[in-house]
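This report concerns only the one structure given below.
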Amino acid sequence: ESAFERWGETSFTHVYGGTEVEPVALTDARLAVKKSAEKGHFQALFLGKAIPQLRTRFSPEGLWVSGQNVSSFYLGQTQNELDNLKLKRMDGSGALWHCMGDRVTPDENQDLWFGGRVAQDSADFMLEQKVYSFLESSQCMLHRKAVGEGAGAGDLILCGQGLKHRSEAIRRQFPEISAVHEVKIVRDHRHRARIDRARTLGKGRLA
């Protein structure tokens with residue numbers, strides 16, 4: 001928004017894609033921010049329409065895409081072979097499909113909206129968005145403790161930067177959050193806008 005104000009004559013494009021396929025969808029960045037804000041989101045979750053060169057399929061596993069800009073099978077062994085089984089499929093016509101691993105849904109106008117990674121519970125993602133709006137910051141993340149992470153398996157923990165002095169206010173606003181932890185947010189080195197959740201939490205951080 002600061003950039004929009006500073007360079008008013010400049011065109012900004014909001015691009016949704018991934019390492020294996022980009023772009024998937026394009027829209028004007030001002031429109032993405034406007035439509036997202038109208039729904040109360042702090043982040044730009046509006047993705048616009050998928051590019052016409054792609055075919056799309058929506059499934060509980062995430063958005064599947066097929067087209068000339070989709071990368072082929074991963075090379076190498078072990079982990080890459082497992083990823084090929086999960087994320088790559090060849091259909092009956094010989095077309096390769098790739099699973100983005102993202103919860104993406106179309107609205108009544110066939111515009112796409114981002115709903116988080118499939119690995120994260122949808123309700124937790126939407127609560128995370130409410131927390132971002134409340135804090136006016138996305139330097140935090142919600143983590144649901146699993147069995148083996150110490151007492152309180154299933155508890156919802158908010159982890160992030162600048163939270164310590166706002167912990168009580170956060171707990172009052174969101175009683176479903178069990179605890180607030182001040183931790184340094186680590187960004188994914190491949191996608192700087194995305195939090196590296198595993199490295200942020202660190203081994204045993206929440207035990």
Side-chain angles (χ1 to χ4, degrees), residues 14-27 32 35-36 39-51 54-67 69-74 78-91 95-107 110-133 138 140-149 153-160 176-177 185-201 206:
H14 184 51
V15 181
Y16 167 66
T19 306
E20 298 88 352
V21 48
E22 190 175 274
V24 171
L26 302 171
T27 189
K35 283 187 170 289
S36 300
K39 288 183 175 289
H41 300 311
F42 180 75
Q43 294 184 315
L45 304 184
F46 179 79
L47 306 178
K49 286 183 168 55
I51 63 171
L54 279 179
R55 289 188 291 163
T56 57
R57 291 177 181 170
F58 304 96
S59 80
E61 301 167 315
L63 174 66
W64 287 84
V65 293
S66 179
N69 63 328
V70 178
S71 69
S72 188
F73 291 96
Y74 301 112
T78 314
Q79 185 58 49
N80 283 343
E81 291 176 343
L82 294 174
D83 287 341
N84 279 331
L85 291 173
K86 292 189 301 182
L87 305 177
K88 303 287 188 180
R89 288 181 186 169
M90 197 81 74
D91 66 20
L96 178 68
W97 289 81
H98 171 75
C99 182
M100 299 295 294
D102 295 328
R103 189 181 293 108
V104 174
T105 54
D107 63 16
Q110 297 305 303
D111 288 316
L112 305 183
W113 288 83
F114 180 76
R117 298 287 289 170
V118 172
Q120 182 183 22
D121 182 80
S122 179
D124 289 354
F125 173 80
M126 295 311 298
L127 177 59
E128 206 169 59
Q129 298 305 308
K130 292 179 181 179
V131 171
Y132 292 161
S133 296
S138 60
C140 57
M141 54 174 275
L142 283 172
H143 171 69
R144 193 171 291 279
K145 292 181 70 173
V147 176
E149 289 189 79
D155 285 353
L156 203 54
I157 315 297
L158 181 67
C159 309
E176 55 268 74
I177 294 176
I185 289 293
V186 180
R187 298 288 177 181
D188 190 318
H189 70 278
R190 301 165 302 169
H191 310 281
R192 294 295 298 165
R194 191 163 72 195
I195 293 173
D196 188 325
R197 293 177 178 256
R199 291 176 61 203
T200 295
L201 292 174
L206 301 180

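Computed from a predicted structure; not experimentally measured.
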Discussion item. By the definition side-chain contact (heavy atoms from CB on, under 4.5 Å), identify the one residue from V65, L47, V15, V104 that meets it with V24.
Written reply: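 With V24 as partner, side-chain contact (heavy atoms from CB on, under 4.5 Å) holds for just one option, V65.
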Any chance you could measure [X], atom [atom1], to [Y], atom [atom2], to the nearest 0.5 Å?
| X | Y | atom1 | atom2 | answer |
| --- | --- | --- | --- | --- |
| D196 | I185 | CG | CD1 | 10.0 Å |
| L156 | H143 | CG | NE2 | 9.5 Å |
| R103 | D121 | CZ | CG | 7.0 Å |
| Q129 | Q43 | CD | CD | 4.5 Å |
| L54 | W64 | CG | CH2 | 14.0 Å |
| F73 | L85 | CZ | CG | 9.5 Å |

Looking only at non-hydrogen atoms, find the nearest pair between [X] and [Y] and report the distance.
| X | Y | result |
| --- | --- | --- |
| A95 | S66 | CB-OG, 3.9 Å |
| C159 | L201 | SG-CD2, 3.9 Å |
| A44 | H14 | O-NE2, 3.6 Å |
| C140 | V131 | SG-CG1, 4.1 Å |
| V118 | P60 | CG1-O, 3.4 Å |
| S36 | L45 | OG-N, 2.9 Å |

Pair [X] + [Y], salt bridge at N-O below 4.0 Å:
| X | Y | result |
| --- | --- | --- |
| D124 | R144 | yes |
| K130 | E176 | no |
| R117 | D102 | yes |
| R55 | D91 | yes |

Report yes if the side chains of [X] and [Y] come closer than 4.5 Å at any heavy-atom pair, otherwise no.
| X | Y | value |
| --- | --- | --- |
| N69 | E22 | no |
| E20 | V70 | no |
| R187 | I195 | yes |

Item to complete: Applying ring-ring contact (aromatic ring centres under 6.0 Å, His included), name anything that partners W113, two or more places apart in sequence or on another chain.
Response: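 Here the qualifying residues are F46.
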Worksheet entry | Partners meeting ring-ring contact (aromatic ring centres under 6.0 Å, His included) with F114 (sequence neighbours left out) |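 Only F125 meet the ring-ring contact (aromatic ring centres under 6.0 Å, His included) criterion with F114.
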Between [X] (side chain only) and [Y] (backbone N and O only), is there a donor and an acceptor less than 3.5 Å apart?
| X | Y | value |
| --- | --- | --- |
| S138 | Y132 | no |
| E128 | L142 | yes |
| T200 | V186 | yes |
| N84 | K88 | no |

Worksheet item: Which is it for D111 and T27 under the side-chain contact (heavy atoms from CB on, under 4.5 Å) test, yes or no, and what are the steps along the way?
Response: CA-CA 10 Å; D111 288 316; T27 189; over 6 Å; no
